[in-house]
Protein chains: 2
Amino acid sequence: MSTKTKILNAAEVLFADKGFNGTSLREITSQAEVNLAAVNYHFGSKKELIKAVMSRYMNELSPRLESALHAICVDEVQPTLNEVFSAFLEPLLHLNTFKDNGTSTFLQLLGRGFTDNQGFLRWFLTTQYPGVFTNFTQAVHKAYPELTSEEMFWRLHFTMGTIVFTMSSSDALIDIAQNDFDREVDIAGVIKQVIPYVAAGVAAPIIR
Amino acid sequence: MSTKTKILNAAEVLFADKGFNGTSLREITSQAEVNLAAVNYHFGSKKELIKAVMSRYMNELSPRLESALHAICVDEVQPTLNEVFSAFLEPLLHLNTFKDNGTSTFLQLLGRGFTDNQGFLRWFLTTQYPGVFTNFTQAVHKAYPELTSEEMFWRLHFTMGTIVFTMSSSDALIDIAQNDFDREVDIAGVIKQVIPYVAAGVAAPIIR
DNA sequence: CCCTAATTCAAACACGCGTTTAAAATAGCC
DNA sequence: GGCTATTTTAAACGCGTGTTTGAATTAGGG
C-alpha cells in the first residue's frame, strides 16, 4: 500500500473519532507507520489532507447519490418524502463495500466538517459538489411543493443537523443503546430509524 | 464587575463562537481585560472554566424547564408533542432577559458541548442535571405512549441533534437566510420553526 | 495604622503543534 | 551499472498552548 493511502486510511479514522482539530499529524503518521514529514510531502498541509480524506468519499458517493435523486426528479409520479430520503440509503450503504465501516466513518467526518474549523468544510463541499444539493432540493420540492424556499432552507438544515449530529456521536450512542436495550444495533439500523423521523419533520404542517 | 464575572462573560461568547478547543485562555483574558493567570487562580483550570460557563446557564434554565415539563406530566389531559416541545420556549427565551443574546449563546454552547472534547460535557450535563432529562422523557411518553423506550431513545437524540446542530451554526445560517430571503431572522424565529419539525419527527409513524 | 489574607501581575516553564530542512535511501530509466 | 528523480528519514524550527511561580499590589478587619 502506498504511503499516501496509508496516511488517508489512518487519518479518516482518527478524524472521524476525534475531529480535525483534535487529531495531530503525529497521531496520524504513527498510526499509519510512516514518517511525520510524509503528510506535508504528499499532501502539502494538514488542511489539504482533510480535503483529500473528504474527497475520496465524496467522489465515491456523489455520482450514485446524484443519479438516485435525479431519477426521482425525472420520474413522472410525485415521490413521497420517505422515498426522497430513502434515496440516500443505497449510496450511503455502498460506502461500506468501498471501505470497512465506510458509511459510519463518512457520516462522522461529515459531522465534524460542519462543526470543526468554523465550517470551512461546509464551503468546500457545497462548492465542490453542488450537484448533490441542487438535486436534493429539487427532489424535496417535487415531493412537497407547498414549501416555500425559505421553509425548505430551514427544514433541510434541520435535517442535515439530525443526520450529522447523530452520526458524529453514533459510536457512543450505539454503545448506550446496546447496553440499555440489550440488542445489536448497527449504522444501517440507525439510518433506517432516522429516515421516517426526518421525512416526518420535513413534511410537518406549515405554520404561517 | 468582578474578575470572575468578566472572565465568564468573555469566555461564553468566545466558546460559543469558536468552540472550547478553538478558544485559548489568552483570547479570553485579553477580551476580558484581566491577567492570563486569573483563569487558573479563580477557576483552577480551563476545563473547570468550561463547566462554570455551562453551569451559570444551566442553573438559570433547569428549574424553569423542569417545572414547565413537570406541569405537563401532572396535568390530567394528554399533551400533544407540540405542547411538550413548546414547553422549552419560555425557559429558553428567558435566558435573553438573563443575558444579551443569552438564548442563542447557550444553545451554541450546548452544541459545542456535544461535539468538542469527545463529549465530556454530555456526561457533565446528564449527571449534573438529570431532572431535565427524566422530566422530558416522561412528558414525551405521556404525549406518545406507543413509543418503546428504544424508539424514544433514538428520536430524542435525533431531536437533540437537530436543535444542537442548528444552533451551533445558527449565526451562519441566519446570515445566509437574511441574504437569500431578504428578511430579518432571529433566534426566536428559528426556534419557532424548529418546534413543528421536531414534533413531527418524534410523532412519525413507527415502522416495525 | 498595620498586619494579614486575597488578588493581580509579569515572566517563565514544559510541552505539543504544523511545518521545514537537508541528508540518506530508494526507484526507475538509459 | 550509473545517473537522475522520487521518496523517506531524523532533526530542528518557530510558535501557541495551559499551567505555575513568586513577587507586587490591593483589600479589609482588629
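The figures that follow rest on heavy atoms only: side chains count, while hydrogens, waters and symmetry mates do not. Since the model is a prediction, treat every value here as computed from it, not as a measurement. Numbered from 1 within each chain, the chains take letters A, B, ... in sequence-line order.
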> Distance check needed: D:dA10 P versus A:N40 CG, whole Å only.
16 Å
> How long is the line joining CD1 of A:I28 and P of C:dC17, in whole Å?
10 Å
> Please walk me through it: do B:F136 and B:F85 pass ring pair (Phe, Tyr, Trp, His ring centres under 6.0 Å)?
CA-CA 9 Å; B:F136 181 41; B:F85 286 108; 5.8 Å; yes
> Considering just the side-chain nitrogens and oxygens of B:S24, establish if one lies under 4.0 Å of OP1 or OP2 belonging to D:dG16.
no
> Take the protein atom CG of A:N21 and the nucleotide atom P of D:dT17, then report the distance between them rounded to whole Å.
13 Å
> Between C:dG16 atom C1' and B:K46 atom NZ, what is the distance in whole Å?
14 Å
> Side chain of B:E151, backbone of B:T148: donor and acceptor closer than 3.5 Å?
yes
> Return the value, rounded to whole Å, for the distance between atom NZ of B:K6 and atom C1' of C:dC9.
13 Å
> Using only side-chain N and O atoms of A:T3, determine if any of them is under 4.0 Å from OP1 or OP2 of D:dT8.
yes
> Considering every strand and a 4.0 Å limit on heavy-atom distances, what is the contact class for A:T23: base, sugar-phosphate, or nothing?
sugar-phosphate
> Calculate the interatomic distance between A:E27 atom CD and C:dG18 atom C1'; express it in whole Å.
13 Å
> Regarding B:A37, tell me which of base, sugar-phosphate or nothing describes its non-hydrogen contacts under 4.0 Å with the strands shown.
base
> With distance as the sole test, does A:D17 use its side chain to make a donor-acceptor pair with the main-chain N or O of A:V13 at under 3.5 Å?
no
> Less than 4.0 Å between a side-chain N and a carboxylate O, is that true for A:E60 and A:K99?
no
> Grab the CG-P distance between B:L36 and D:dG18 for me, whole Å please.
8 Å
> Can you find a side chain N or O atom of B:H42 that sits less than 4.0 Å from OP1 or OP2 on C:dA6?
no
> Parallel under 30°, tilted from 30 to 60°, perpendicular over 60°: which one fits the rings of A:Y57 and A:F98?
perpendicular
> Could you tell me the separation between the OH atom of B:Y41 and the P atom of C:dT7, rounded to a whole number of Å?
4 Å
> With a 4.0 Å limit, can you tell me whether B:N35 has a side-chain N or O closer than that to the phosphate oxygens OP1/OP2 of C:dA10?
yes
> DNA chain C: A:R26 or B:V34, which has the more 5' nearest nucleotide?
B:V34
